[in-house]
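Remarks on the structure that follows.
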Amino acid sequence: MSETPHILVVEDEEILLQFLVYHVENAGYRATAITTGGEIFPYLDNGDVDLILLDLGLPDGDGLSRAQQIRERSSVPIVVLTARKGADDRVMALGLGADDYLTKPCDPRELLLRIRNVLARCGAAAQPGIA
């Protein structure tokens, strides 16, 4: 992992994407914004991602299937952030290997604490503070 953890933010709603990137970067992490699930895999292939913040409602396929594809290729931590509030989606995402699951809207402080905790469990080199 890099010295400053790199968070891949996967969200197709532009305003929310900008909001998430702002808070992730403000907390001291590196962030890359992408809007489709297919864009995840080049980052996985070059090893330049420490955590994926994954929306489930993506324009190029269901985020649950993307989580499964990610897990087949990598053990990179996945934090799901979605509007889906049903227990079935939570259970499915966690069963596919997601490390945490939050529903929108959420407090950015809670999201950042969950990111920090997941990175700590996975051995990230640096732990920026929470803004």
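What you see below is based on every heavy atom in this structure, not just the backbone, and it leaves out hydrogens, waters and symmetry mates.
His23 has its side chain out of reach of Val9: every pair of non-hydrogen atoms, C-beta onward, lies at least 4.5 Å apart. A 4.5 Å side-chain heavy-atom check between Leu96 and Ile78 finds every atom pair outside the cut-off. For the pair Phe19 and Pro108, the minimum side-chain heavy-atom distance is below 4.5 Å. For the pair Val80 and Asp89, the minimum side-chain heavy-atom distance is 4.5 Å or more. Leu44 places a side-chain heavy atom less than 4.5 Å from the side chain of Ile52.
In this structure, the side chain of Arg66 engages the main chain of Asp60 through a donor-acceptor pair within 3.5 Å. In this structure a side-chain-to-backbone donor-acceptor pair under 3.5 Å is missing from Lys85 to Arg90.
The shortest non-hydrogen separation linking Leu94 to Ala98 is CD2-O, 3.5 Å. Across Val118 and Leu51, no two heavy atoms sit closer than the pair CG1-CD1, 3.7 Å. Taking each heavy atom of Val24 and Leu112 in turn, the nearest pair found is CA-CD2, 4.0 Å. Asp50 and Thr4 make their closest contact through OD2-O, 4.0 Å (heavy atoms, listed as atom of the first residue, atom of the second, distance). Taking all atoms of both residues into account, the shortest heavy-atom contact from Gly63 to Leu58 is CA-CD1, 4.4 Å.
With hydrogens and angles left out, the side-chain atoms of Arg71 and Gln68 include no donor and acceptor closer than 3.5 Å.
Note that CG of Leu56 is 6.5 Å distant from CG of Asp62, once rounded to the nearest 0.5 Å. With values rounded to the nearest 0.5 angstrom, Glu11 atom CD is found 11.0 Å from Ile34 atom CD1. Here CD1 of Ile70 is found 12.0 Å from OG of Ser75. Values are rounded to the nearest 0.5 Å. With values rounded to the nearest 0.5 angstrom, Ile7 atom CD1 is found 9.5 Å from Arg30 atom CZ.
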Verdict with reasoning, Leu111 to Leu53, per side chain to side chain contact (heavy atoms under 4.5 Å, CB included): CA-CA 10 Å; Leu111 173 63; Leu53 184 58; 3.8 Å; yes
Full working for side chain to side chain contact (heavy atoms under 4.5 Å, CB included) between Glu14 and Leu17: CA-CA 5 Å; Glu14 186 62 35; Leu17 181 62; 4.1 Å; yes
Test log, rule side chain to side chain contact (heavy atoms under 4.5 Å, CB included), inputs Leu119 and Tyr29: CA-CA 11 Å; Leu119 286 171; Tyr29 300 105; 3.5 Å; yes
Intermediate values then yes/no, side chain to side chain contact (heavy atoms under 4.5 Å, CB included), Glu39 and Val10: CA-CA 9 Å; Glu39 294 174 90; Val10 188; over 6 Å; no
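Residues satisfying the side-chain hydrogen bond (donor to acceptor under 3.5 Å, both in side chains) test with Thr32, not counting sequence neighbours, are His6. In this view, Phe41 satisfies the ring-ring contact (aromatic ring centres under 6.0 Å, His included) rule with no residue, not counting sequence neighbours.
Between Arg114 and Asp99 no salt bridge is recorded (no basic side-chain N to carboxylate O distance below 4.0 Å).
Counting non-hydrogen atoms of other residues, nucleotides and ligands closer than 6.0 Å to CG of Asp88 gives a total of 12 or fewer.
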